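Let me begin by presenting the structure, written as structure tokens, before commenting on it.
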Amino acid sequence: MKIGIIAHLKHPIRKPFMGGLEAFTYDITQLLIERGHEVTLFASEMSDPSLNVYPIMSDTDYDRETLSRFRSHEMSEDFISTHHAYLELMQDIDTKEFDIIFNNSLNYVPITMASICSTPMVTVLHTPPIFEMKRATAREKSLGRITYVSVSKPNADAWKPYVHTCEVINNGIDLQQWRFIPSNDKGYVVWFGRIHPDKGPHLAIEAAKLAGKRIKIAGSVADRHYFETFVQPLLDDRAEWVEHCTHEQLNVLIGDAEASIITPCWDEPFGLVVAESLACGTPVAGIARGALPSILNEKTGVLTKSCDPEELAKCIHAAARLKREDCREHAMQHLCRNVMVAQYEHLFSEVVAKRFLRHAI
């Protein structure tokens, strides 16, 4: 198939990834190319050229220190630039003669303008309903020109008021990049990810201490005020912050842990840290919010509906007793990127076949 992929424009699509959406877009583009599809990635100009990038936004002003396109953080400037980049793309995209448009932009413009395109579109809902996307999908719903996909069932349920139907395809990771570690004797638990209030690492530290476990925290500081106010005061000889890890170091850090603590403080649509932990063989103790309950089962994790560290401490003890082989097997069956891309290929084929059928009729 000839596939046009629309990326979001907050960050370039290249390693090291700024977040899960960049990783998803990179992986899916790379895999579709490897499987023989003719793929064009519409993204910002500093994105990885191996992805056959067609740049639609300049990265001249992108600043990797502030993770922003504009040092002044002028939201209006960022908003207008992104709006016009997608507007120009959608006005011209039919001339590219794609079989399908694969939209991962998290922006209202491609959805709003799908009605003027003859090329069918698949849009992935990577987030819970956000204001501009809600309005765009609600208006488009009457036309039914777009096929929607959610990265988890709970996220699909959240979108039900705005879209007719929504397929569910779990995100996946490259399991070959995550080595299974069948046993551990290091006597600690781990929390890893962006250090941000949404991720709740302070809860993980408090719970680990109540459980009598050492904890290692791995991740970059995404919110300096939160880190200095809520996380840093908890660091001591029982709670260590591991600032920067290579991929291999992170693999060992997770794999040697008795359990991973995952503490979403919002309704996170997926959470790649779950897949990465299970791939290493490390069971999960966590808070049952967002997609977490739908990704895990009784063999791979123990969750609490409470944000009480004492309840989470009980989950840590229970999770540490789970079999590591079951965790790896679950990742292979349900959270592998090859499984993910095969599901997307099947969906694309169905959407394209329906288009040809309509034309034939």
Side-chain angles (χ1 to χ4, degrees), residues 20 23-24 27 151-155 168-193 199-200 203-204 207-208 211-218 245 247-264 268-306 311-343:
F24 170 88
D27 280 351
V151 295
S152 68
K153 187 180 184 304
N155 196 54
V168 175
I169 299 178
N170 283 341
N171 286 341
I173 61 171
D174 184 357
L175 292 177
Q176 292 183 348
Q177 295 295 317
W178 294 93
R179 180 168 55 89
F180 172 56
I181 299 178
S183 61
N184 68 78
D185 57 1
K186 301 299 189 294
Y188 69 88
V189 293
V190 67
W191 183 100
F192 63 104
K199 305 292 186 178
L203 296 173
K213 302 288 186 181
R214 290 187 299 117
I215 183 171
K216 297 188 179 185
I217 305 291
C245 292
H247 178 83
E248 178 55 31
Q249 287 170 335
L250 186 61
N251 194 158
V252 173
L253 183 72
I254 300 168
D256 279 347
E258 293 181 28
S260 289
I261 308 178
I262 300 178
T263 48
E268 193 160 20
F270 188 77
L272 288 174
V273 292
V274 184
E276 291 163 355
S277 179
L278 298 184
C280 298
T282 304
V284 170
I287 298 172
R289 286 201 64 177
L292 200 54
S294 70
I295 302 173
L296 296 168
N297 61 21
E298 68 281 357
K299 294 183 178 181
T300 58
V302 181
L303 303 178
T304 174
K305 294 181 180 179
S306 169
E311 293 298 317
L312 187 55
K314 297 175 185 176
C315 294
I316 293 172
H317 286 294
R321 294 193 291 268
L322 297 175
K323 294 181 180 179
R324 301 178 67 85
E325 292 79 8
D326 289 339
C327 295
R328 177 71 180 191
E329 180 64 24
H330 186 74
M332 293 174 64
Q333 292 294 324
H334 303 286
L335 303 169
C336 172
R337 69 176 193 166
N338 290 327
V339 173
M340 173 188 73
V341 75
Q343 291 175 314

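From a predicted model like this one, the values you see are computed outputs, not experimental measurements.
- Separation of atoms CD (E268) and CZ (R289) is listed at 10.0 Å; rounding is to 0.5 Å.
- The main-chain N or O of A204 is never found under 3.5 Å from a side-chain atom of T263 such that the two would form a donor-acceptor pair.
- Distance alone, capped at 3.5 Å, places no donor-acceptor pair between the R328 side chain and the P182 backbone.
- Taking CD1 from I316 and CD from E258, the interatomic distance works out to 9.5 Å, rounded to the nearest 0.5 Å.
- Partners of S152 under the side chain to side chain donor-acceptor pair (under 3.5 Å) rule, at least two apart in sequence or in another chain, do not exist in this structure.
- Side-chain N or O atoms of T300 include none that pairs as donor or acceptor with a backbone N or O of P283 at under 3.5 Å.
- By the 4.5 Å heavy-atom criterion applied to side chains, S260 and V273 are not counted as neighbours.
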* Stepwise side chain to side chain contact (heavy atoms under 4.5 Å, CB included) test for I215 and W191 -> CA-CA 7 Å; I215 183 171; W191 183 100; 4.3 Å; yes
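- One N or O on the side chain of N251 and one on the backbone of R179 form a donor-acceptor pair closer than 3.5 Å.
- In this structure a side-chain-to-backbone donor-acceptor pair under 3.5 Å is present from R324 to G255.
- The SG atom of C336 lies 12.0 Å from the CG atom of N170; values are rounded to the nearest 0.5 Å.
- Between the side chain of T304 and the main chain of L312, no donor-acceptor pair closer than 3.5 Å is present.
- Annotation: ring pair (Phe, Tyr, Trp, His ring centres under 6.0 Å) contacts involving residues 324-343, sequence neighbours excluded, comprise H330-H334.
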* Give the C-alpha distance, both sets of side-chain angles, the deciding distance and a yes or no for side chain to side chain contact (heavy atoms under 4.5 Å, CB included) between D27 and V341. => CA-CA 9 Å; D27 280 351; V341 75; over 6 Å; no
* salt bridge (Lys or Arg N to Asp or Glu O under 4.0 Å) between D326 and K299, worked out -> CA-CA 6 Å; D326 289 339; K299 294 183 178 181; 5.1 Å; no
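- Going from atom CD1 of I181 over to atom SG of C327 covers 13.0 Å, rounded to the nearest 0.5 Å.
- For the pair A319 and V302, the tightest heavy-atom approach, listed with the atom from each and the gap, is N-CG2, 3.7 Å.
- A 4.5 Å side-chain heavy-atom check between D256 and Y188 finds at least one atom pair inside the cut-off.
- Atom CD1 of residue I262 and atom CD of residue E276 lie 9.0 Å apart, to the nearest 0.5 angstrom.
- Side-chain contact between S277 and I254 is present, with heavy atoms from C-beta onward closer than 4.5 Å.
- The shortest side-chain heavy-atom distance between K213 and H317 falls under the 4.5 Å cut-off.
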* For the pair E329 and E325, evaluate side chain to side chain contact (heavy atoms under 4.5 Å, CB included) and give the outcome as yes or no after the intermediate values. => CA-CA 6 Å; E329 180 64 24; E325 292 79 8; over 6 Å; no
